[in-house]
Undergrad: 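One structure, as structure tokens, below. Some questions next.
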Amino acid sequence: MIALALPAQDSGTFTPPGIDQLHLPAILPWGASEGFSKQMLLVILSVVIIATFFVLAARKRQLVPGKLQFAGEMAYGFVRNSIAKDIIGGRDFMKYVPLLFSLFFFILVNNIYGAIPLIQLPSFSHVGGAYVLAVLVYVTWIGIGIKKNGLRYFKLATVPSGVPVYILPIVIPIEIISNFLVRPVTHSLRLFATMLAGHLIVMIAGSGIEFLVMQENFLLKGASVLVLAGAIAMYMLEALIMVLQAYVFTLLTAIYIEGALHADSH
């Protein structure tokens, strides 16, 4: 699919695809500074898909669940128990399940787009979406910390307990940079970079297959089979990473919330 979508290669030189080919032109010339893009359309579609699935799954609420209800309950239970309850704790976790649940499935669906033929474009290969989610999480856990501890939260978050006073002038700036500057940046860039890199690698493999097939040398044509095998392996790895990144982003969000709730005990 990728090889067919890319421009034809010159038989003499290999020209790998670039970022401009990964990010497609706007569908409509309005709606944002760069127009209404395919990513925007896919993000809206993801909300519709997630809402439709879970509304249908919860519609009947049978004591003995059907297949769709069972799938919905398993999906909800995974986020509720394996992320929220295990990380935040049994006393405080329930109020944060909706946020974690929404984040996990929103990221998961938008990542999985990259593994679907004809779509093959993970929404978070654009850094803007990852930044928005990271800022949302950043404001949330800081707000939780202030609500629980007042302005004393900033002292709790930057002054580790048990550290000798003479070391604090070194430790406090490190904690400020780590917790309030580096954390939101790495939270967003981890998601963006893995989605962009994985999709770009698969695009390069697809372009390489097309280039080799067009060569007159029989050995080069045969080498395209090896590239295809590698591309399939990378495709499967990218699909795994799509799921893992949704999990990691949500897990880190739960860790940040837990840290804000229990800053006085860390």
Side-chain angles (χ1 to χ4, degrees), residues 73-108 110-111 123-124 126-198 240-266:
E73 289 177 356
M74 287 291 292
Y76 172 78
F78 171 73
V79 177
R80 179 188 183 276
N81 299 322
S82 299
I83 299 179
K85 187 176 182 180
D86 287 355
I87 300 300
I88 299 176
R91 188 175 62 179
D92 302 310
F93 78 97
M94 273 304 297
K95 66 178 70 174
Y96 304 108
V97 170
L99 171 64
L100 298 173
F101 174 83
S102 301
L103 279 174
F104 178 78
F105 287 102
F106 180 71
I107 296 171
L108 178 62
N110 279 281
N111 285 355
S123 302
F124 293 111
H126 261 300
V127 72
Y131 281 158
V132 169
L133 291 186
V135 168
L136 172 65
V137 172
Y138 182 70
V139 172
T140 298
W141 63 260
I142 289 180
I144 291 169
I146 294 174
K147 183 178 180 181
K148 180 74 182 292
N149 303 286
L151 293 178
R152 189 171 69 98
Y153 169 68
F154 293 104
K155 176 177 179 293
L156 295 172
T158 56
V159 183
S161 59
V163 176
V165 176
Y166 59 87
I167 299 181
L168 288 179
I170 300 174
V171 172
I172 291 176
I174 294 174
E175 290 294 317
I176 292 173
I177 293 171
S178 174
N179 291 333
F180 297 104
L181 298 178
V182 174
R183 181 181 288 184
V185 173
T186 56
H187 202 194
S188 58
L189 291 183
R190 185 183 295 108
L191 174 61
F192 157 70
T194 50
M195 290 302 98
L196 177 65
L240 174 63
I241 291 173
M242 288 171 184
V243 178
L244 287 177
Q245 282 303 313
Y247 175 75
V248 168
F249 192 98
T250 310
L251 181 69
L252 288 173
T253 300
I255 291 172
Y256 298 158
I257 291 173
E258 189 277 335
L261 283 170
H262 307 120
D264 54 350
S265 61
H266 285 186

Undergrad: Which distance, rounded to the nearest 0.5 Å, do you find between the CG of Asn149 and the CG of Leu261?
TA: 8.5 Å
Undergrad: Passes side-chain contact (heavy atoms from CB on, under 4.5 Å), Tyr256 versus Ile144? Steps please.
TA: CA-CA 10 Å; Tyr256 298 158; Ile144 291 169; over 6 Å; no
Undergrad: So, taking the atom named CG in Leu108 and the one named CG in Leu103, what distance separates them when rounded to the nearest 0.5 Å?
TA: 12.0 Å
Undergrad: Using side-chain heavy atoms (C-beta onward) and a distance below 4.5 Å, is Phe93 in contact with Arg80?
TA: yes
Undergrad: How far does CG of Leu156 sit from OG of Ser161, to the nearest 0.5 angstrom?
TA: 9.0 Å
Undergrad: Distance check, rounded to the nearest 0.5 Å: Ile257 atom CD1 versus Thr253 atom OG1?
TA: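 Going from CD1 on Ile257 over to OG1 on Thr253, the span is 6.5 Å.
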Undergrad: Any chance you could lay out the side-chain contact (heavy atoms from CB on, under 4.5 Å) test for Tyr96 and Thr140, step after step, and finish with the verdict?
TA: CA-CA 10 Å; Tyr96 304 108; Thr140 298; 5.7 Å; no
Undergrad: Within a strict 4.5 Å, meaning less than it, do heavy atoms of the Asp86 and Asn81 side chains meet?
TA: no
Undergrad: Quick check: do Phe154 and Ile146 have side-chain heavy atoms less than 4.5 Å from each other?
TA: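 Contact flag for Phe154/Ile146 side chains = yes.
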Undergrad: Has Leu151 got more than 12 heavy atoms of other residues, nucleotides or ligands less than 6.0 Å from its CG?
TA: no
Undergrad: side-chain contact (heavy atoms from CB on, under 4.5 Å) with Ala254: which residues, sequence neighbours excluded?
TA: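 Checked Ala254 against side-chain contact (heavy atoms from CB on, under 4.5 Å); matches are Ile83, Ile87, Ile88, Leu100.
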Undergrad: Using distance only, find each side-chain donor-acceptor pair of residues 187-197 under 3.5 Å and give its atom names and separation, not counting sequence neighbours.
TA:
residue	atom	partner	partner atom	Å
His187	NE2	Phe249	O	3.2
Ser188	OG	Pro184	O	3.3
Ser188	OG	Val185	O	2.9
Arg190	NH1	Thr186	O	3.4
Thr194	OG1	Arg190	O	2.8
Thr194	OG1	Leu191	O	3.0

Undergrad: What closest approach, in Å, do Glu175 and Ala157 show between heavy atoms, and which atom pair accounts for it?
TA: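 Heavy atoms only, the tightest pair is OE1-O, 3.8 Å.
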Undergrad: To the closest 0.5 Å, what do you measure between CG (Asn110) and NE2 (His126)?
TA: 12.5 Å
Undergrad: Nearest heavy-atom pair of Asn111 and Ala246: which atoms, and what distance?
TA: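 Here Asn111 and Ala246 meet closest at ND2-N, 4.1 Å.
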Undergrad: Considering only heavy atoms from C-beta outward, does the side chain of Leu133 approach that of Val137 to under 4.5 Å?
TA: no
Undergrad: To the nearest 0.5 Å, what is the distance between OG1 on Thr250 and CD on Gln245?
TA: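 Rounded to the nearest 0.5 Å, the OG1-CD separation comes out at 10.0 Å.
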Undergrad: Work out which heavy atom in Phe106 is nearest to a heavy atom in Phe124; give both atom names and the distance.
TA: CE2-CZ, 3.7 Å
Undergrad: Decide if atom NZ of Lys148 counts as having more than 12 heavy atoms of other residues, nucleotides or ligands within a radius under 6.0 Å.
TA: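 For Lys148, atom NZ is crowded (more than 12 foreign heavy atoms under 6.0 Å).
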Undergrad: Not counting sequence neighbours, which residues clear ring pair (Phe, Tyr, Trp, His ring centres under 6.0 Å) with Phe101? List them please.
TA: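 Counting only residues at least two positions away or on another chain, Phe101 forms a ring pair (Phe, Tyr, Trp, His ring centres under 6.0 Å) with Phe54, Tyr76, Phe105.
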Undergrad: Can you label the angle between the Phe104 ring and the Phe78 ring as parallel, tilted or perpendicular, going by 30° and 60°?
TA: tilted
